[in-house]
Amino acid sequence: MSTEYKPNSKLDPNAKFADNERLKTQSNYLRGTIEADLKDPLTGGFTADNFQLIRFHGMYQQDDRDIRPERAKQKLEPLHNVMLRARMPGGIIKPSQWLAIDKFAEEKSMYGSIRLTTRQTFQFHGVLKPNIKEMHQMLNSVGIDSIATAGDVNRNVLCTTNPVESQLHQEAYEWATKISEHLLPHTKAYAEIWLNGEKTETTEEPILGSTYLPRKFKTTVTIPPNNEVDVHANDLNFVAIADNGKLVGFNVLVGGGLAMTHGDVNTYPRKADDFGFIPLEHTLKIAEHVVSVQRDWGNRVNRKNAKTKYTLDTFGADAFKAEVQKRAGVEFEPSRPYEFTHRGDRFGWVEGIDGKHHLTLFIENGRILDYPGKPLKTGCRKIAQIHQGDFRMTANQNLIIAGVPADQKATIEQLAREHGLINDEHTVQRKNSMACVALPTCPLAMAEAERYLPELVTQVEGLLDKHGVADDSIILRVVGCPNGCGRAMLAEIGLVGKGLGKYNVYLGGNREGTRVPKLYLENVGEDVYLPALDELIGQWVQERQSDECFGDFVIRKGIVAEVKVSKTDFHA
Ligand code: SRM
Ligand code: SF4
């Protein structure tokens with residue numbers, strides 16, 4: 001198979017490639033001069049191309065935006081540090097691994113937190129340059145890496161958490177791991193740089209190609225009826241199809257993605273297209289060739305239009321699918337029926353088919369830290385010290401203590417309660433709300449998200465209570481910018497940061513995560529959107545049909561138009 005990059009035939013042949021293409025080409029398979037930068041004591045940061053290249057190794061250079069002005073006043077460079085994101089297919093982590101990451105977060109990171117993400121893994125924030133190698137070596141010693149969790153590659157592969165509630169979970173999880181391994185970069189740059197591995201020469205990247213992918217690429221393995229992973233946020237989805245409780249294959253959905261740029265109508269959130277069913281044995285071949293077609297056809301000139309969703313809209317989904325079939329030598333069969341009914345986590349205890357018990361904990365914003373009166377991190381540590389099963393990170397930033405024998409249930413529940421990990425006062429609304437990280441660590445944030453969400457939820461809880469539906473909930477998501485990391489573009493109410501205290505308000509996603517919402521209010525503050533939501537929630541309560549969700553209601557009443565085809569409808 002060719003690994004050569006063939007320019008996308010729909011582009012101007014004279015167009016200038018994005019600079020990221022140059023840096024990938026010149027990087028010697030992602031090595032760059034990272035090792036020299038690591039030894040440079042004059043700056044806490046990474047320079048030139050290395051700033052981008054460390055992303056392929058799972059790190060982003062950041063600085064705390066709250067203290068940036070003060071440091072500038074003192075003529076100091078920003079306090080450079082890195083955020084690390086681990087590779088954790090399906091979000092499963094052993095207690096011994098948890099204890100190791102807890103220790104590192106506590107002792108060697110500026111913020112001390114373990115941040116669960118919307119893609120079933122954890123991030124350390126605030127790791128200073130002298131501690132980076134030690135961090136990777138610690139992770140390696142417990143069997144964790146951060147290869148390809150960022151950059152123009154296939155990222156952490158998600159898998160519906162559904163702990164052993166379903167017979168399919170174990171197999172689906174194994175597929176998520178196999179897909180993750182199959183699509184990893186082949187370069188040994190990570191081991192060489194961070195683990196002092198033997199220096200080798202990389203001569204080819206058989207699947208990703210020598211210039212890697214045009215843009216980030218995201219994959220899930222999903223077990224209906226739970227759409228916790230939000231398939232429509234992902235480039236490639238394998239939706240598990242069972243026959244008599246046995247996994248027989250997958251429906252393949254391609255081309256989802258949620259990011260856009262304010263003011264640029266050529267960018268939009270888009271749902272994935274259904275390519276059809278494949279039997280299990282073709283899974284890796286199909287994964288490889290969806291990636292290879294995107295590798296060769298994706299836009300390498302304009303990074304804002306480089307994701308698979310735009311490749312599908314440029315060439316047509318049918319042409320893309322035909323090329324995948326040709327390269328893989330596999331014909332998609334007609335899709336098999338399935339249904340998504342929900343996306344939220346099921347909190348509290350459930351008993352699995354194996355007789356073990358699983359406790360889902362709500363972690364507000366996924367931020368595990370010792371707060372005053374709520375020592376979540378200590379609680380998780382104490383549980384990890386006695387737990388015999390595993391932990392599972394959900395795509396909703398929550399945590400499952402999975403595989404608890406009946407005789408340990410009471411002890412684990414008591415620890416969880418004592419440390420604020422179970423709080424019966426949390427409403428369904430709070431548990432169905434989500435935000436991205438945003439300030440102070442995210443360099444792209446235009447507005448608050450994680451730090452604002454708890455307060456906003458209190459306001460929305462007040463509105464639900466006022467209208468007599470305090471036990472009801474609306475999927476509410478806030479993101480600090482239109483990149484949409486907290487998946488606001490699949491929410492019933494999505495707030496997208498525009499400036500400090502200002503948001504665009506989108507309405508009309510549904511509970512199942514199968515509809516993109518539409519702009520309702522632009523660049524407004526609480527003084528505008530809270531009264532507007534008050535009125536709409538009032539109307540919904542009065543006029544809804546049986547258990548119609550808020551998102552369906554606003555579409556039925558024409559409060560916003562339905563987005564059927566993103567390319568034409570989203571900005572119309
Ligand atoms: Fe994200 C960039 C955080 C899930 C779309 N995302 C970032 C960065 C790394 C900012 C940067 O580039 O410097 C953020 C770091 C903030 C920080 O301080 O930690 C960031 N993204 C996150 C996380 C941690 C949000 C969270 O609160 O959990 C999620 C980490 C996932 C993971 O473990 O891999 C996260 N990001 C998402 C999602 C949701 C998803 O995948 O389910 C999306 C939308 C789906 C999609 O990709 O379409 C998302 N992040 C982006 C984008 C826009 C990509 C695009 O298509 O244009 C960027 C910016 C970029 O890539 O240029 C971005
Ligand atoms: Fe940062 Fe924007 Fe992603 Fe929020 S949505 S974490 S502000 S890039």
Side-chain angles (χ1 to χ4, degrees), residues 20 51-52 55 58-65 81-89 91 111 113 115-126 146 148-158 214-220 228-235 237 255-262 264 267-272 302-310 343 363 365-367 393-398 434-453 477-490 494-498 513 516:
N20 289 57
F51 177 87
Q52 295 281 346
R55 297 185 175 187
M59 289 171 291
Y60 288 82
Q61 182 167 315
Q62 300 188 324
D63 70 288
D64 188 319
R65 293 176 58 183
N81 60 74
V82 302
M83 171 269 273
L84 170 120
R85 184 183 288 163
R87 186 172 69 91
M88 194 125 298
Y111 300 91
S113 67
R115 174 57 155 77
L116 308 184
T117 77
T118 50
R119 295 193 68 77
Q120 290 189 315
T121 185
F122 69 87
Q123 289 182 179
F124 291 135
H125 285 99
S146 64
T149 54
D152 298 343
V153 281
N154 180 57
R155 307 276 185 103
N156 194 41
V157 177
L158 306 193
R215 200 66 167 90
K216 55 171 64 169
F217 189 93
K218 298 181 173 179
T219 305
T220 76
E228 153 205 349
V229 298
D230 262 331
V231 292
H232 295 294
N234 289 276
D235 300 69
N237 302 277
L258 303 183
M260 59 184 162
T261 302
H262 286 314
D264 180 349
T267 64
Y268 43 83
R270 180 193 193 278
K271 282 173 50 179
N302 179 0
R303 286 180 67 77
K304 286 193 188 307
N305 288 129
K307 285 204 74 184
T308 316
K309 60 179 177 177
Y310 301 114
R343 283 183 287 169
I363 308 290
N365 290 316
R367 182 76 66 178
M393 305 180 211
T394 81
N396 294 313
Q397 305 168 331
N398 293 312
M434 193 156 82
C436 70
V437 178
L439 293 161
T441 54
C442 180
L444 308 177
M446 298 172 177
E448 295 281 357
E450 176 177 327
R451 296 195 293 198
Y452 172 50
L453 185 74
R477 295 175 173 178
V478 183
V479 289
C481 84
N483 287 320
C485 303
R487 299 198 290 267
M489 282 301 102
L490 286 169
L495 263 60
V496 178
K498 197 86 208 273
V516 165

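Numbers here are sequence positions counted from 1. Every number for a ligand or one of its atoms is a count from 1 in the order of the listing.
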Atom indices of ligand 1, in the order listed, that fall short of 4.0 Å to a heavy atom of [X]:
X    : answer
A435 : 27 (O)
Q397 : 26 (C), 27 (O), 28 (O)
G257 : 48 (O)
C436 : 27 (O)
M83  : 15 (C), 19 (O)
T121 : 33 (O)
R215 : 55 (C), 57 (O), 60 (C), 61 (O), 62 (O)
K307 : 46 (C), 47 (O), 48 (O), 56 (O)

List the closest protein heavy-atom neighbour of [atom]: residue, atom name, distance to the nearest 0.1 Å.
atom                    : value
atom 33 (O) of ligand 1 : T117 OG1, 2.7 Å
atom 27 (O) of ligand 1 : R115 NH2, 3.0 Å
atom 29 (C) of ligand 1 : T118 OG1, 3.3 Å
atom 13 (O) of ligand 1 : P443 CG, 3.3 Å
atom 5 (C) of ligand 1  : N483 O, 3.3 Å
atom 14 (C) of ligand 1 : C442 SG, 4.0 Å
atom 4 (Fe) of ligand 2 : C436 SG, 2.3 Å
atom 1 (Fe) of ligand 2 : C442 SG, 2.2 Å
atom 2 (Fe) of ligand 2 : C481 SG, 2.3 Å
atom 7 (C) of ligand 1  : C485 SG, 3.9 Å
atom 40 (C) of ligand 1 : R119 NH1, 3.5 Å

Backbone of [Y] reached by a side-chain donor or acceptor of [X] within 3.5 Å:
X    : Y    : value
R85  : T121 : no
D235 : G255 : no
N365 : E450 : yes
T118 : C485 : yes
R487 : N396 : no
Q397 : R367 : no
H262 : G497 : yes
K309 : Y268 : yes
R477 : M489 : no

Out of curiosity, is [X] lining ligand 1, as in a heavy atom under 4.0 Å away?
X    : value
A233 : yes
Q123 : yes
L444 : yes
N156 : no
K309 : no
G484 : yes

Between atom [atom1] of [X] and atom [atom2] of [Y], what is the distance when rounded to the nearest 0.5 Å?
X    : Y    : atom1 : atom2 : result
Y452 : L439 : OH    : CG    : 14.0 Å
E448 : L495 : CD    : CG    : 13.0 Å
N483 : M260 : CG    : CE    : 9.5 Å
L158 : R119 : CG    : CZ    : 4.0 Å
R115 : Q123 : CZ    : CD    : 7.0 Å

| query | Under a 4.0 Å N-O cut-off, is there an ion pair linking R303 with D152? | reply | yes
Can you give me the closest heavy-atom contact between [X] and [Y], atom names plus distance?
X    : Y    : value
A488 : V496 : CB-CG2, 4.4 Å
A272 : H232 : N-ND1, 2.9 Å
L258 : P269 : O-CB, 3.5 Å
Y60  : A150 : OH-CB, 3.2 Å

| query | With a 4.0 Å cut-off on heavy atoms, does A438 reach ligand 2? | reply |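 Per 4.0 Å heavy-atom rule, A438 contacts ligand 2.
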Of [options], which has the heavy atom at the shortest distance from [atom]?
atom                    : options          : answer
atom 52 (C) of ligand 1 : R85, M88, K216   : K216
atom 38 (C) of ligand 1 : K218, R487, H125 : K218
atom 55 (C) of ligand 1 : P440, A259, A438 : A259
atom 5 (S) of ligand 2  : C485, A435, P443 : C485

| Is it the side chain, the backbone, both or neither of R303 that has a heavy atom closer than 4.0 Å to ligand 1? | neither
| task | Answer side chain, backbone, both or neither: which part of V437 comes under 4.0 Å from ligand 1, heavy atoms only. | result |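 V437 to ligand 1: contacts from backbone and side chain alike.
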Heavy-atom contacts with [X] under 4.0 Å: which atoms of ligand 2 show up? List them by number with element.
X    : value
G480 : 4 (Fe), 7 (S)
G484 : 5 (S)
A445 : 7 (S)
N483 : 8 (S)

| said: Regarding N237 and T220, do their side chains bring together a donor and an acceptor under 3.5 Å, going by distance alone? | reply: yes
| request: Test T219 against every option in N234, N154, N156 by the side-chain hydrogen bond (donor to acceptor under 3.5 Å, both in side chains) rule and name the one that passes. | output: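 Only one option passes, and that is N154.
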| request: Output yes when a protein non-hydrogen atom is found under 4.0 Å of atom 59 (C) of ligand 1, and no otherwise. | output: yes
| said: For ligand 1, which is the ligand I care about here, please tell me if Q62 has any N or O atom under 3.5 Å from one of the ligand's N or O atoms. | reply: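 Yes - when backbone and side-chain N and O of Q62 are compared with those of ligand 1, one distance drops under 3.5 Å.
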